[in-house]
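We count residues from 1, following the sequence as given.
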Amino acid sequence: MSNEKRIKDLLARMVSMTPPPPPFPEETINVSQRNDAPRRSPALIFGVAAVMVAALAVPLLLSNFGDQPVGGDSTTTTTTVVEPTTTVPEPTTTTTDSTTTTQPAEVLVASWPVYLVQPSDDGGNPSLVPFEVSVFEGQGIALDEVDSPEDMLFNLEELSFEIPAGFESFVPDGVEIVGKSFESTNEGLTRVVLDMNEAFLAGAGGHLADVTMLNQIVWTTLQFEVAEVLFTVGGRPVTAFGSEGISLVDPIDTSEFLDEINPIILRAPVSFRSGSELVVTGIANVFEATLSYRVTGTDIEGFTTASCGTGCWGEFEILVEAPDGVPAGAILEIFVHSAQDGSPTNVVRIPMDVIARGG
């Protein structure tokens, strides 16, 4: 096949592959309205549009001969980056007025000296030492259980009172005061009648324990103008008490069993006066009426003399400066130096941490 023939055949195929142009829309005649404006043919409109597109495209194509992307602006734009500025506020100090919370003061219901027993560590007679026992409102204690020193003594467990180390009560559990009354003696003194329950008659177990139990009750009861005590059970006098059947038919006072107590007896709880002055008062029946004292762990020590001694009971008083700073566990010791070897005897020991400081 010749080249001319091939070209004609190729052109014919191309023509046959070209889609036919869309038919021109038929003209619509508006019957109700007459339009006198001359109509333009579609070919003319297409041509005019092509010319306009070409006219617009030429400047655009001419402007793309640089590195600018198509559609980019040839105008150079300078971008200024502004560093962010962080403003740190000035530190402020907030002053808050300090608030002092004042705890409400505890309301005292009752406070009485109660005698406790310190057994001897050398086989001698036990010591009697009073401690102040206080009950405050809110503890749930009935008033009739704390309205006298002896009531305090018989209800120590209910009071949640912590007995100081080295001390105990010789009143057995179960022993109770059933009733109480007061009467005048022939000398015009006051006697208290304690009506006890049946458990009282058994004592505390052994003669020395029985007597110590009686001494503890009597010394606790006979304070504040009460001179003697009469024990009854079921309203009747006690004819036999304890392991040896001691008769308690007659009233007794603090002098009844003095020979079976440590010869150094305190008459009031040890206390501080004016904050730092230690005050100890009592009675003693010691050799040459001389008593010594010291506070362990400190240089506080000295001696005092009773108003009578060597076979008689005399009053004594110890006044000594004991400022704050006494080491924990320090003990106040009151004693007598042995006439044989000078060693301490008849020692009464009181923990310093249970002694309240006054104002």
Side-chain angles (χ1 to χ4, degrees), residues 108-120 124-136 145-171 177 190 192 194 204 211-229 252-258 260-273 277-286 291 293 295 304 306 313-320 322 331-335 346-358:
L108 182 66
V109 174
S111 184
W112 301 103
V114 172
Y115 276 84
L116 298 176
V117 179
Q118 184 177 67
S120 173
N125 290 335
S127 303
L128 286 180
V129 179
F131 292 89
E132 195 74 23
V133 180
S134 300
V135 173
F136 295 91
E145 296 179 354
V146 296
D147 62 355
S148 69
E150 60 273 15
D151 288 319
M152 286 273 202
L153 173 62
F154 283 90
N155 293 287
L156 282 179
E157 291 186 358
E158 295 183 31
L159 304 182
S160 300
F161 173 72
E162 185 176 352
I163 295 178
F167 289 85
E168 58 185 286
S169 175
F170 269 53
V171 179
I177 300 175
T190 300
V192 59
L194 297 181
V211 173
T212 301
M213 170 184 169
L214 289 175
N215 271 325
Q216 186 180 3
I217 297 173
V218 169
W219 280 81
T220 298
T221 303
L222 301 187
Q223 302 181 82
F224 312 106
E225 307 303 325
V226 180
E228 58 186 29
V229 58
I252 61 176
D253 60 21
T254 56
S255 65
E256 188 73 23
F257 303 106
L258 277 178
E260 295 173 276
I261 306 176
N262 186 321
I264 302 172
I265 304 174
L266 304 190
R267 298 298 298 267
V270 179
S271 62
F272 279 98
R273 185 165 58 195
E277 187 178 44
L278 191 65
V279 181
V280 185
T281 60
I283 60 174
N285 182 0
V286 295
L291 299 97
Y293 62 86
V295 176
T304 189
W313 290 85
E315 303 280 341
F316 74 88
E317 182 179 65
I318 297 173
L319 301 176
V320 60
I331 304 293
L332 168 63
E333 296 182 342
I334 307 167
F335 56 94
N346 305 120
V347 184
V348 178
R349 297 181 176 89
I350 305 170
M352 290 290 290
D353 58 5
V354 302
I355 303 173
R357 288 184 178 269

pair W313-L258: side-chain heavy atoms closer than 4.5 Å: yes

Close side-chain approach of I163 and F131, heavy atoms under 4.5 Å: no

Gap between atom CG of D151 and atom CD of E145 - 0.5 Å precision: 8.5 Å

Set of side-chain hydrogen bond (donor to acceptor under 3.5 Å, both in side chains) partners for N262, sequence neighbours left out: S127

Partners passing side-chain contact (heavy atoms from CB on, under 4.5 Å) against E168 (at least two apart in sequence or in another chain): P119, F170

Non-neighbouring partners of D147 that pass side-chain hydrogen bond (donor to acceptor under 3.5 Å, both in side chains), sequence neighbours left out: none

Smallest separation among heavy atoms of V146 and V109, with atom names: CG2-CG1, 4.5 Å

Stepwise side-chain contact (heavy atoms from CB on, under 4.5 Å) check, L291 with I318: CA-CA 9 Å; L291 299 97; I318 297 173; 5.7 Å; no

F161 vs N155 side-chain heavy atoms within contact, under 4.5 Å: no

Shortest non-hydrogen contact from T221 toward V226: O-CB, 4.1 Å

Side-chain touch I350/Q118, heavy atoms, less than 4.5 angstrom: no

Taking every non-hydrogen atom, the tightest pair across E132 and P113: OE1-CG, 3.8 Å

Over all atoms of both residues, closest heavy-atom pair of A306 and G314: CB-O, 3.8 Å

Spatial distance of atom CD1 (I264) from atom CD1 (I283) [nearest 0.5 Å]: 11.0 Å

E333/V347 under side-chain contact (heavy atoms from CB on, under 4.5 Å): CA gap, chis, key distance, verdict: CA-CA 6 Å; E333 296 182 342; V347 184; 4.3 Å; yes

Approximate separation, where rounding is to 0.5 Å, of E277 CD and L319 CG: 5.0 Å

Criterion side-chain hydrogen bond (donor to acceptor under 3.5 Å, both in side chains) on T212 and E260, from CA distance to verdict: CA-CA 8 Å; T212 301; E260 295 173 276; over 6 Å; no

Shortest non-hydrogen contact between P126 and V117, atoms and distance: CB-CG1, 3.7 Å

pair V135-M152: side-chain heavy atoms closer than 4.5 Å: yes

Nearest atoms (heavy-atom pairs only) where P149 meets Q223: CB-NE2, 3.9 Å

Any L153 side-chain heavy atom under 4.5 Å of Y115 side chain: no

Heavy-atom check, side chain of F136 versus side chain of L108, under 4.5 Å: yes

N/O donor-acceptor pair under 3.5 Å between S134 side chain and S111 backbone: no

Between CD1 on residue I261 and OG on residue S120, distance to nearest 0.5 Å: 13.5 Å

Side-chain heavy-atom pair L156, V171 within 4.5 angstrom cut-off: no

Any donor-acceptor pair under 3.5 Å from Q216 side chain to L128 backbone: no

From CZ (F316) to CZ (R267), nearest 0.5 Å: 10.0 Å

Distance-only polar pair, side chains of E317 and T304, donor-acceptor under 3.5 Å: no

Distance (rounded to the nearest 0.5 Å) between I331 CD1 and R349 CZ: 8.5 Å

Trace of the side-chain contact (heavy atoms from CB on, under 4.5 Å) decision for I265 with W219: CA-CA 10 Å; I265 304 174; W219 280 81; 3.9 Å; yes

CA sep, side-chain torsions, deciding dist, call: E256, V218, side-chain contact (heavy atoms from CB on, under 4.5 Å): CA-CA 9 Å; E256 188 73 23; V218 169; over 6 Å; no

